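Okay, so here's the structure we're looking at.
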Amino acid sequence: MELRTTAPLIDELRRELGAENVLDRAIDLYSRAHDASHYLLIPQVVVIAEDIASVSAVLHLAAKHDTSVTFRSGGTSLSGQSCGAGIQVDTRRGFRAIEVLDEGRRVRVQPGATLRAANIRLARHGRALGPDPASEAACTVGGVIANNSSGMAAGIEHNSAKTLESMTLVLPSGTVVDTSRGDALETLRTEEPGLVTELEALRDQVRADPSAMTEIAERFSMKNTMGYSLDAFCRCDDPVQMLLQLMIGSEGTLGFVAEAVFRTVPVHSHCATGLMVFDSLDVAARALPELVSTGAKALELMDATSLKVASRSPEVPAVIADLTVEAHAAILVEYRADSALELDQHLAQVASTLEQATTTHPVELTRDASHRAQLWAVRKGLYAAVAGARPPGTMALLEDVVVPVQHLARTCEELSALLADHGYVDPVIFGHAKDGNIHFMLTEDTEDPAALERLAAFTEDLVELILRQGGNLKAEHGTGRAMAPFIDRQYSPNLVQVLHRIKSACDPSGVLNPGVVLTADDKAHLNHLKPVDRVDAEVDRCVECGYCEPVCPSRDLTLTPRQRIVVRRERERALARGDRTLVAELDSQQEYDSLQTCAADGMCATACPVGIDTGALVKRLREENRGPAQQRLGRMAAQRWSAVTQAAGRGLDAASRMPDAAIAWPNASARSLLGAETVPLWTSDLPSGGRRRSRASDAGDAGQPVSAIFLPSCQGAMFAAPDGSRGAQSSVVELCSIAGLNMVMPERVDSLCCGTPWSSKGLAAGHEAMAEQVLDAVDRTRRLLDDRGDGLLPVVVDASSCAEGVAAIMAAAQAAGDPRAGRVIDAVNFVAERVLPQLEIEPGQRIESLTLHPTCSTSKTGGEADLLRIARAVAHQVHVPDDWACCGFAGDRGMLHPELTASATAAEAREVQQIDAAAHASSNRACEIAMTRATGRTYRHVLEVAADVAARRTERSTPAGR
């Protein structure tokens with residue numbers, strides 16, 4: 001696909017918005033072109049919009065240059081509405097503000113904020129946004145409004161159309177309207193008299209036509225995102241309110257919603273969830289009307305293919321794991337109430353109905369939060385998981401339809417037959433059965449002409465089926481490009497005319513998202529289909545859903561995991577067609593954007609429904625870029641690690657005693673000569689050097705039984721603890737001593753490391769050498785202790801990221817059948833389990849407040865609960881910032897590229913600076929340095945804080961004079 005450029009437009013955009021906010025490099029355009037849909041259009045230019053003035057400027061220049069505009073934030077849309085060939089306006093960075101109002105009963109949100117971010121802030125008030133799509137972790141409020149998304153329990157009662165109170169919107173002309181203002185109508189009449197006149201005329205025309213009123217009532221009695229919100233003319237008299245409703249679900253074709261105020265819904269504090277398994281999809285669908293009558297808040301349908309894919313997950317619930325799936329189907333059912341008694345009463349009322357359902361075994365409703373979370377994780381990750389399991393050489397296409405619930409069984413039966421008739425193998429049917437809303441996914445080779453003919457024929461039959469059953473062709477995913485050609489099949493000619501008049505009145509120049517919602521091309525749904533890619537084994541299952549993006553440290557600096565993957569795909573596609581110019585350009589730009597600024601922290605895998613770790617791909621690519629000489633140097637460093645850490649510590653010691661200017665210039669020169677990827681940037685906030693681990697503290701009493709092998713992190717040897725602090729290593733030893741737990745360190749502990757410095761840099765030879773040293777050292781220590789009957793002792797590591805690294809070494813050894821492998825425990829988990837119960841800290845001994853920064857390693861290994869247990873044991877108040885995320889320091893990445901850490905910590909730092917906490921803590925020295933730099937607050941290891949509190953306890957309990 002050839003890129004088009006419009007130099008005059010780009011020049012004007014840069015003058016208006018600043019060059020840093022106008023992107024036209026190949027990597028910027030291709031990486032941002034992809035969304036979760038099966039469509040692909042490459043923009044001419046990407047604009048980072050910071051505020052309303054930026055949006056207005058873009059719209060003005062777009063009209064001047066007759067160039068289309070597509071607004072984009074989360075990119076989780078599935079029908080092609082967030083990709084376009086003109087100007088793409090990225091609203092993720094500048095529009096993220098969230099303000100909770102009226103103790104959570106309302107909330108003011110900007111379009112770049114994710115639904116989860118808003119709900120996290122509302123949770124402490126027992127409230128949530130009404131829309132609850134499965135993609136809530138990644139989808140943004142802007143997308144939710146633009147598509148009128150609903151979700152599992154929202155139905156049509158709590159979607160955006162019913163819960164959005166006011167909005168600030170920008171029309172294509174640049175006019176800004178705040179619908180909450182008392183003078184909003186007067187402003188609109190003054191600025192947009194033609195628009196007001198047309199809206200009033202359309203309102204009067206619709207109301208004067210009984211058949212139109214009846215048709216609209218029928219269509220909007222169910223979920224409906226086909227076309228625009230025509231019911232606005234039936235429900236609203238005021239043109240401002242009509243405009244507000246029309247913006248909801250308009251998919252960026254009528255204007256830009258810069259801010260919105262929602263009325264929130266209460267979160268029921270007591271829930272019971274279960275999975276009802278049936279012999280077939282037909283039996284499950286026929287049970288639905290009776291289940292709907294029980295007042296279930298959610299009824300999520302999953303067919304046999306869905307269950308088969310779910311059963312492959314390592315965390316699959318037992319009810320699925322124990323099932324031999326044949327033609328089965330299941331319904332996830334949930335009941336909610338405000339009290340345990342109310343829930344008990346409700347469940348008692350519905351018990352007979354549930355018992356009489358023709359399930360394969362009695363349904364078990366659980367109130368256990370972890371079990372409920374397991375069940376919901378299956379449903380929420382279903383689309384991406386199923387799509388990730390698609391056959392090689394195919395693209396996943398997801399459709400979204402709705403029919404009256406009483407027609408759902410018949411519709412599912414006919415849909416299954418229709419899919420089979422057209423030769424689709426193993427299609428997937430699932431969805432929000434309570435609302436008659438089903439999704440189905442099929443896989444297709446989008447580059448095969450015969451496959452496209454099949455898709456076209458199937459779509460025609462699908463349209464006929466859904467409309468014959470009295471349904472809507474789109475329920476909650478938006479019309480997009482996928483169903484735009486069929487608007488005139490769903491609506492009568494008079495209402496189709498109304499839809500076109502709405503578009504013309506709001507966007508007379510037609511610059512906003514052309515081809516979306518309305519189109520003159522009856523084959524539009526078959527155009528611009530995304531090609532099929534198979535490039536890298538690590539990431540080929542990626543469906544470009546974007547779930548990974550909110551947790552990526554580099555998301556606001558360079559690229560996200562999804563973008564790194566699609567750039568690789570675009571590069572291989574360019575290579576296949578012989579476009580060497582584009583290949584060279586992407587290769588050059590990937591070096592910094594993809595490789596150097598990836599933290600490779602693996603957080604993307606925690607958010608990805610199919611567990612893709614894009615960091616693993618980056619590490620492999622880094623390894624491929626390493627020559628034999630670099631690999632030899634890596635091995636030498638591993639074999640001389642004690643000397644390396646001592647040299648680093650002494651260097652920092654020397655630097656701490658020198659004037660800044662004496663270090664800054666030579667350091668800058670070295671970075672300029674050897675490269676920023678080679679020479680760390682020295683900054684005055686770096687700590688002085690640490691102490692050798694073998695001299696920092698004794699691990700324990702050699703004459704006592706040993707509870708664990710202690711492997712302190714070499715971070716403590718390189719970086720000193722904050723002034724006046726004892727350091728993580730000494731803190732662990734002191735805490736264990738209080739509990740009577742004895743640990744022993746391996747011999748030559750100064751030469752050991754978790755291996756991450758080599759694995760993250762792609763230095764495989766060095767990592768292999770270090771892994772051998774760790775395994776040998778631990779094994780020797782265990783064998784020395786065997787005579788005392790201590791057995792196979794666990795290895796305790798005092799830094800979370802290092803514990804993860806050592807655990808990876810042990811896991812690889814275990815997989816290879818190496819008898820030296822063993823269990824590794826983060827010191828935080830060890831202290832929480834073995835020490836904390838014996839500390840007996842009194843309330844008066846605790847510090848007043850503690851702000852906590854969990855680490856990415858803690859999050860990945862599930863150690864957050866223990867981290868919080870320790871924090872709450874030593875502090876009266878513990879605050880974990882809503883915006884906490886991986887700090888991006890990533891070993892030395894924060895010194896090589898401090899801009900990565902600055903970007904990754906920006907939101908969290910702003911929140912921390914507004915909190916007056918007595919102490920700040922984390923569980924990893926590098927993260928503590930990063931957060932200290934970002935916030936100006938001194939961060940220590942949480943076990944240092946615990947050791948301080950425990951020491952005060954010990955002092956108070958010791959009799960005077962002793």
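The shown structure was predicted, so the numbers you read here are calculated from the model rather than taken from an experiment. The figures that follow rest on heavy atoms only: side chains count, while hydrogens, waters and symmetry mates do not.
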Worked verdict on Arg481 versus Val517 for side chain to side chain contact (heavy atoms under 4.5 Å, CB included) = CA-CA 7 Å; Arg481 301 175 186 279; Val517 179; over 6 Å; no
Notebook entry, point to check: So, Thr70 versus Asn513: side-chain donor-acceptor pair below 3.5 Å or not?
Noted result: yes
### Message
Could you check whether Ser82 and Asp35, counting side-chain N and O atoms only, form a donor-acceptor pair closer than 3.5 Å?
### Response
yes
Taking the side chain from [X] and the backbone from [Y], do they hold a donor-acceptor pair closer than 3.5 Å?
X	Y	result
Tyr39	His525	yes
Asn147	Gly143	yes
Gln563	Thr560	yes
Ser79	Ala482	no
Ser509	Ala63	no

Basic-acidic side-chain contact under 4.0 Å: [X], [Y]:
X	Y	answer
Lys474	Glu399	yes
Glu585	Arg25	no
Arg573	Glu570	yes
Arg390	Glu444	no
Glu549	Arg92	yes
Arg32	Asp28	yes
Arg541	Asp536	no

Practice problem: Step by step, work out the salt bridge (charged side-chain N to carboxylate O under 4.0 Å, His left out) result for Arg14 and Asp24. | Solution: CA-CA 11 Å; Arg14 285 181 172 144; Asp24 67 340; 2.7 Å; yes
(Q) Test salt bridge (charged side-chain N to carboxylate O under 4.0 Å, His left out) on Glu538 and Arg568; report intermediate values, then the result. (A) CA-CA 12 Å; Glu538 300 97 325; Arg568 285 284 293 171; over 6 Å; no
Cation-pi geometry met for Arg562 and Tyr547 (6.0 Å, 45°): no
Quick check: Tyr491 with Tyr228 (ring centres under 6.0 Å apart)?
no
